[in-house]
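Both counts, for ligands and for their atoms, begin at 1 and track the order of listing. Here the structure is a predicted model, which is why all the values come from computation and not from measurement.
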Amino acid sequence: MAGSFFVTGTDTGIGKTFVSCLLLHAFAAQNKTVVGMKPIAAGQENGKWLDVELLRAASNINVPCEWMNPYALHAPIAPHIAARQEGVEIDLTRIYNVFHELKKSVECVVVEGVGGFLVPVNERQDTSDLAKLLALPVILVVGMRLGCISHALLTQQIIQHTGLRLVGWVANCIDPGALVLDDNIAALRQRLDCPLLGVVPFVSEPDVQTLSQFIDVSKIL
Ligand SMILES: Nc1ncnc2c1ncn2[C@@H]1O[C@H](COP(=O)(O)OP(=O)(O)OP(=O)(O)O)[C@@H](O)[C@H]1O
Ligand SMILES: C[C@H](N)[C@H](N)CCCCCC(=O)O
Ligand SMILES: [Mg+2]
């Protein structure tokens with residue numbers, strides 16, 4: 001049976017949305033109903049939140065926009081600051097309730113975090129509190145670039161400290177000029193306590209349907 005997953009990453013801009021879309025296609029290929037959720041999006045262009053649009057396009061069930069994305073903040077900055085500027089209080093209970101509404105009609109909800117795992121969402125809570133409240137197994141996207149080894153290991157530590165299960169990681173090759181890529185991936189394979197679900201190559205034309213073949217979801221289903 002497919003479950004739902006929380007997708008976090010080693011940083012902002014390292015491919016969480018991209019890999020979440022690959023995961024959605026990979027689950028859909030197993031005949032699952034799938035929806036992507038971006039509980040908190042910060043940064044719009046022309047009145048659209050790109051992450052939400054991409055996740056919607058990779059979903060195979062239509063749900064109301066406010067279910068996929070309860071909090072849509074305008075500024076492309078840390079969400080607790082954007083929320084404060086916009087007079088919004090991010091309430092994780094609201095996200096919890098929406099997630100459980102979604103779960104009633106969808107087999108697999110892929111929830112994308114915001115930035116890295118400890119990004120604050122309000123004055124008291126951060127993204128790890130959201131993952132904990134949703135009690136979801138976590139998938140870590142590692143943006144393969146210099147510096148990612150430490151970021152990945154720090155993220156693993158905090159996920160484990162939070163008491164959540166890190167069920168898999170994805171090596172997303174975001175830097176076409178990366179040196180010793182294979183060695184870096186091997187270093188992380190040795191040190192991350194979960195299976196590598198796939199190595200996603202750097203691509204100039206991101207075709208998420210085709211690229212979903214690079215992810216082996218049998219390791220987490
Ligand atoms: N494997 C890849 N090859 C080429 N481009 C990629 C790859 N992965 C991600 N990208 C590109 O890198 C950019 C950042 O990716 P993405 O938006 O998925 O990051 P993110 O971690 O979700 O960022 P955010 O923190 O803003 O949510 C996008 O333009 C995306 O298309
Ligand atoms: C605007 C960006 N693309 C994300 N939506 C928000 C990233 C917040 C990162 C905060 C931080 O860790 O400094
Ligand atoms: Mg994203």
Side-chain angles (χ1 to χ4, degrees), residues 5-26 35-46 48-59 68-86 88 90 95 109-123 125-131 138-145 147-148 150-152 154-155 158 169-178 181-182 184-185 196-215:
F5 297 91
F6 190 91
V7 176
T8 193
T10 44
D11 203 349
T12 183
I14 52 75
K16 292 183 303 295
T17 305
F18 186 58
V19 170
S20 296
C21 291
L22 303 191
L23 286 165
L24 287 166
H25 279 286
V35 163
M37 184 182 187
K38 178 81 184 180
I40 304 164
Q44 57 85 40
E45 272 174 49
N46 304 319
K48 298 213 172 209
W49 282 261
L50 183 59
D51 287 17
V52 182
E53 298 302 316
L54 293 171
L55 292 172
R56 181 191 303 290
S59 302
M68 284 188 70
N69 175 222
Y71 291 100
L73 302 162
H74 289 78
I77 58 177
H80 72 295
I81 302 174
R84 193 171 62 215
Q85 286 182 355
E86 293 169 34
V88 173
I90 294 178
I95 295 173
V109 184
V110 173
V111 181
E112 183 192 341
V114 55
F117 200 59
L118 283 186
V119 166
V121 296
N122 56 39
E123 292 312 311
Q125 293 165 305
D126 59 44
T127 312
S128 74
D129 293 305
L130 173 59
V138 180
I139 296 172
L140 172 63
V141 180
V142 179
M144 296 306 306
R145 63 181 174 206
C148 74
S150 177
H151 286 153
L154 285 167
T155 308
I158 189 66
W169 72 283
V170 174
N172 187 33
C173 302
I174 50 170
D175 177 3
L181 180 63
D182 290 349
N184 280 346
I185 292 173
L196 173 60
L197 306 180
V199 178
V200 181
F202 181 85
V203 284
S204 44
E205 286 294 318
D207 170 359
V208 285
Q209 170 109 52
T210 311
L211 288 166
S212 67
Q213 296 163 11
F214 285 93
I215 310 273

**Asked** Nearest to the Mg ion (ligand 3), which N, O or S atom of E112 do we find?
**Response**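 Result: OE2.
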**Request:** Give the name of the N/O/S atom in D51 that lies closest to the Mg ion (ligand 3).
**Result:**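 The D51 atom nearest to the Mg ion (ligand 3), restricting to N, O or S, is OD2.
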**Prompt:** V203 to ligand 1: N or O pair under 3.5 Å?
**Reply:** yes
**Any N or O of P206 closer than 3.5 Å to N or O of ligand 1** = no
With a 4.0 Å cut-off, strictly under, does [atom] pick up any protein heavy atom?
{"atom": "atom 15 (O) of ligand 1", "answer": "yes"}
{"atom": "atom 11 (C) of ligand 1", "answer": "no"}
{"atom": "atom 30 (C) of ligand 1", "answer": "no"}
{"atom": "atom 6 (C) of ligand 1", "answer": "no"}

**Asked** Hey, does P79 come in under 3.5 Å of ligand 2, counting only N/O atoms on both sides?
**Response** no
**Prompt:** Looking only at heavy atoms, is any part of I77 under 4.0 Å from ligand 2, and if so is it the side chain, the backbone, or both, or is it neither?
**Reply:**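 Within the 4.0 Å criterion, I77 contacts ligand 2 through backbone atoms alone.
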So between [options], whose heavy atom ends up nearest [atom]?
{"atom": "atom 5 (N) of ligand 2", "options": "A42, G116, G13", "result": "A42"}
{"atom": "atom 26 (O) of ligand 1", "options": "N172, V200, T12", "result": "T12"}
{"atom": "atom 22 (O) of ligand 1", "options": "T17, V141, I40, V208", "result": "T17"}

**Prompt:** At what distance is the nearest protein heavy atom to atom 19 (O) of ligand 1, and which residue and atom is it?
**Reply:**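 Scanning the protein heavy atoms, the shortest distance from atom 19 (O) of ligand 1 goes to G15 N, 2.9 Å.
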**Message:** Closer than 4.0 Å to some heavy atom of T12 - which atoms of ligand 2 meet that?
**Reply:**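 Counting from 1, the qualifying ligand atoms are 2 (C), 3 (N), 4 (C), 7 (C).
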**Message:** Any atom of ligand 1 sitting under 4.0 Å from a heavy atom of A42?
**Reply:** no
**Prompt:** Touching ligand 1 at all, C173? Heavy atoms, strictly under 4.0 Å?
**Reply:**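 The answer is yes, since C173 has a heavy atom less than 4.0 Å from ligand 1.
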**Request:** Taking both backbone and side-chain atoms into account, decide whether T12 has an N/O/S atom under 2.8 Å from the Mg ion (ligand 3).
**Result:** no
**Request:** Could you tell me which atoms of ligand 1, counted from 1 in the order shown, lie closer than 4.0 angstrom to a heavy atom of E112?
**Result:**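 So the answer, numbered in order with elements, is 22 (O), 27 (O).
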**Message:** If the cut-off is 4.0 Å to any non-hydrogen atom of P201, which atoms of ligand 1 fall inside it?
**Reply:**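 Taking each heavy atom of P201 in turn, ligand 1 has 1 (N), 2 (C), 3 (N) under 4.0 Å.
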